[in-house]
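To start, the structure under review is shown below, and the notes come after it.
Sequence lines set the chain letters: A, B, ... in the order given, protein chains first and strands last, and positions in each chain run from 1.
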There are 2 protein chains.
Amino acid sequence: MTVTDNMLTCNCEGCELKSLFFENVSTLEIESICSRKVEREYQKGEIIIREGAEIHEFIYLKSGLVKLYHSGSNSREQIICFALPLDFVSLLSIFSEKRYIYSVAALEDSITCNIKMDEIISIATGNGRFALSLIEKVNKATDRIILDFLEVKQKRLYGRIAYILLYFAKSIYKSNSFDLPVSRKEIAEYIGMTVENVIRSLSDLRKDGIIKIFGPKIEIVDEGKLARIAELS
Amino acid sequence: MTVTDNMLTCNCEGCELKSLFFENVSTLEIESICSRKVEREYQKGEIIIREGAEIHEFIYLKSGLVKLYHSGSNSREQIICFALPLDFVSLLSIFSEKRYIYSVAALEDSITCNIKMDEIISIATGNGRFALSLIEKVNKATDRIILDFLEVKQKRLYGRIAYILLYFAKSIYKSNSFDLPVSRKEIAEYIGMTVENVIRSLSDLRKDGIIKIFGPKIEIVDEGKLARIAELS
DNA sequence: ATCAGGTTATGATAATTATCATACGGGAAT
DNA sequence: ATTCCCGTATGATAATTATCATAACCTGAT
């Protein structure tokens with residue numbers, strides 16, 4: 001992980017996230033935030049947030065792709081969700097807990113913008129509109145997670161595989177051809193099945209000519225069929 | 001559903017939820033809320049919030065027990081969670097959506113306190129501390145839901161049944177003997193299994209002498225064994 | 001270069017869960 | 001009282017998924 005000098009690389013003025021995120025915050029306050037924020041770069045695979053660590057910073061994703069996951073006491077890891085920049089990954093639980101109840105890791109090279117929690121809290125305390133916009137974003141993020149959980153839960157193996165493939169194609173890469181950013185094991189950790197069955201069902205989809213697999217690259221050949229599999233479980 | 005006259009039954013002064021919920025709100029503001037709030041009574045089985053309905057009110061549970069559930073497009077209902085008064089059921093999604101994305105129904109006779117959204121928003125706008133306390137509560141509620149989802153997800157049928165029985169005993173009724181507030185079907189909708197298998201596994205637990213079943217009444221006889229089943233899936 | 005460990009892959013088999021069928025009892029409506 | 005519907009209950013069977021075993025391949029470490 002690399003800490004980057006603000007002065008050189010980050011210009012909040014041109015940050016398209018700023019306006020989305022810090023709406024209702026005065027220019028003065030934004031400048032104050034900007035001068036004291038820290039930007040961090042993570043390479044694919046690096047851990048951004050470690051479950052159990054104390055929460056000191058408000059972190060949001062500027063670029064990249066991450067996974068949120070939970071390491072239950074003795075069991076294997078479970079992936080909660082994937083998140084792109086606009087999903088504001090760090091919102092979850094930071095206002096209610098002293099320590100993180102989940103971890104975040106980079107699935108692709110990622111850059112975060114980190115602001116001291118004190119600063120966010122102090123701004124929110126004096127600025128109800130900003131606080132409300134925070135609530136709205138927290139809500140959106142968690143609603144999404146819960147609805148996706150329900151969606152996946154009601155499907156069976158093949159439906160879940162089809163669902164996640166379409167999710168990557170539609171929501172993440174906006175293309176029917178993409179490099180899978182996760183291992184088969186991680187897919188298994190997300191949909192709650194075993195690695196072997198994930199691999200098997202991908203192979204089956206390939207044998208049926210619905211997808212093509214070239215190493216890490218996936219190509220959805222018959223989107224209609226895949227969508228039907230996702231729907232009909 | 002019965003709308004109750006404020007003057008007669010509701011005294012905000014004695015409401016133990018007020019202090020928890022409206023911390024950081026001035027006495028004046030509380031009085032304003034109190035005079036305009038509406039209290040509603042629901043009988044067991046009645047629907048409190050209907051998925052798809054417009055969100056106009058901020059609703060919290062004063063007494064009773066409810067279930068939150070989601071009716072996916074074509075599929076069967078899925079129960080998201082159960083909630084007691086202090087779980088502040090209505091927080092979920094109300095600040096991010098125009099319409100409810102889930103329903104709420106009373107599992108036991110319940111009373112809600114309803115406040116116009118406008119009023120909450122206007123207070124939060126002018127009072128960052130209150131807004132922050134709202135965020136905290138939204139976070140707590142959704143964290144709980146997500147963690148429980150993960151917990152249930154990693155278990156198998158018997159583990160899930162054991163888990164929910166212990167949940168009712170520990171979190172809801174604080175007793176190893178209680179009337180199940182839900183049907184077998186509703187348990188199935190929560191743990192994501194079929195009714196038949198829920199019934200079967202309850203029967204098996206009974207045959208093994210771990211629980212007793214008298215009609216709707218459940219008695220946990222061997223809590224240790226049940227806890228082990230819940231742990232070991 | 002070689003070894004260890006992890007990921008992908010496939011098969012055989014066991015375990016788990018769903019589906020279908022049937023039955024019984026209770027409550028609501030006629 | 002009778003009928004219908006719903007919830008509970010149980011069994012038989014089919015479908016789905018997990019587990020175990022094995023192997024090929026790749027990558028990082030020594």
Side-chain angles (χ1 to χ4, degrees), chain A residues 43-47 67 69 75-79 105 107 152-165 179-208 211-219 229-230 232-233, chain B residues 43-46 67 75-79 105 107 152-165 179-208 211-219 229-230 232-233:
Chain A
Q43 291 188 309
K44 184 174 170 141
E46 277 191 287
I47 291 180
K67 66 170 177 179
Y69 61 103
S75 77
R76 58 172 184 253
E77 282 173 3
Q78 293 178 283
I79 292 180
L107 293 176
V152 168
K153 196 175 178 182
Q154 71 188 27
K155 296 181 194 311
R156 300 219 217 70
L157 177 56
Y158 283 85
R160 292 180 187 183
I161 294 289
Y163 179 80
I164 197 176
L165 288 178
D179 279 10
L180 258 190
V182 293
S183 66
R184 313 288 193 263
K185 181 154 161 285
E186 286 171 310
I187 294 179
E189 286 168 355
Y190 180 65
I191 67 174
M193 305 258 160
T194 58
V195 198
E196 294 95 321
N197 279 330
V198 169
I199 291 171
R200 230 185 294 272
S201 53
L202 282 173
S203 296
D204 289 348
L205 287 176
R206 176 176 49 72
K207 284 171 197 160
D208 290 346
I211 64 172
K212 285 183 183 168
I213 306 177
F214 316 98
K217 181 174 230 90
I218 297 280
E219 189 190 327
I229 293 173
L232 305 175
S233 260
Chain B
Q43 290 187 310
K44 183 174 172 144
E46 276 190 287
K67 65 170 177 178
S75 76
R76 58 171 184 255
E77 283 173 2
Q78 293 179 284
I79 292 180
L107 293 176
V152 168
K153 197 176 179 182
Q154 70 188 30
K155 297 181 194 309
R156 298 219 219 67
L157 176 56
Y158 284 83
R160 292 180 185 183
I161 295 289
Y163 179 81
I164 197 177
L165 288 178
D179 279 9
L180 257 190
V182 292
S183 67
R184 311 289 193 260
K185 180 152 162 286
E186 285 171 311
I187 293 179
E189 285 167 355
Y190 179 65
I191 67 173
M193 305 258 158
T194 57
V195 198
E196 295 96 321
N197 279 329
V198 169
I199 291 171
R200 230 184 294 272
S201 52
L202 283 173
S203 296
D204 289 348
L205 288 176
R206 177 176 48 71
K207 284 171 196 159
D208 290 345
I211 63 172
K212 284 183 184 168
I213 305 176
F214 316 99
K217 182 175 230 89
I218 297 280
E219 189 190 326
I229 293 173
L232 305 175
S233 264

For residues 152-162 of chain B, which residue pairs pass the salt bridge (charged side-chain N to carboxylate O under 4.0 Å, His left out) check, not counting sequence neighbours?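 Every pair satisfying salt bridge (charged side-chain N to carboxylate O under 4.0 Å, His left out) with a residue in residues 152-162 of chain B: Glu151(B)-Lys155(B).
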Just to verify, what does [X] make a side chain to side chain contact (heavy atoms under 4.5 Å, CB included) with, not counting sequence neighbours?
| X | answer |
| --- | --- |
| Ile187(B) | Ile161(B), Ile164(B), Leu180(B), Val182(B), Ile191(B), Val198(B) |
| Asp204(A) | Tyr158(A), Lys207(A) |
| Lys217(A) | Ser177(A), Asp179(A), Phe214(A) |

Could you tell me which residues satisfy side-chain hydrogen bond (donor to acceptor under 3.5 Å, both in side chains) with Thr194(B), sequence neighbours excluded, listed by chain and number?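 If we apply the side-chain hydrogen bond (donor to acceptor under 3.5 Å, both in side chains) test to Thr194(B), skipping adjacent residues, the hits are Asn197(B).
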Residue list, side-chain hydrogen bond (donor to acceptor under 3.5 Å, both in side chains) with Tyr69(A), at least two apart or on another chain: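 Tyr69(A) satisfies side-chain hydrogen bond (donor to acceptor under 3.5 Å, both in side chains) with no residue once adjacent residues are dropped.
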Between the opening five pairs and the closing five pairs of the helix from dA1(C)-dT30(D) to dT30(C)-dA1(D), how far apart are the helix axes, to 10°?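 For the helix from dA1(C)-dT30(D) to dT30(C)-dA1(D), the axes at opposite ends meet at about 40°.
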Tell me the interatomic distance from Asp204(A), atom CG, to dT10(C), atom C1', rounded to whole angstroms.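 In whole Å, dT10(C) C1' lies 11 Å from Asp204(A) CG.
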Is Ser203(A) close enough to dT10(C) that one of its side-chain N or O atoms is under 4.0 Å from OP1 or OP2 there?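 For Ser203(A), the contact criterion (side-chain N or O under 4.0 Å from OP1 or OP2 of dT10(C)) is met.
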Footprint string (nucleotides 12-27 of chain D, 5' to 3'): B base within contact, S backbone only, - free, heavy atoms under 4.0 Å: B---SSBBB-------
Check nucleotides 4-7 of chain D against the protein and report each pair of N or O atoms closer than 3.5 Å, with its distance, or say if there are none.
none

Would you mind classifying the nucleic acid contact of Arg160(B) as base, sugar-phosphate or nothing, using non-hydrogen atoms under 4.0 angstrom?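 Arg160(B): no heavy atom of the nucleic acid under 4.0 Å.
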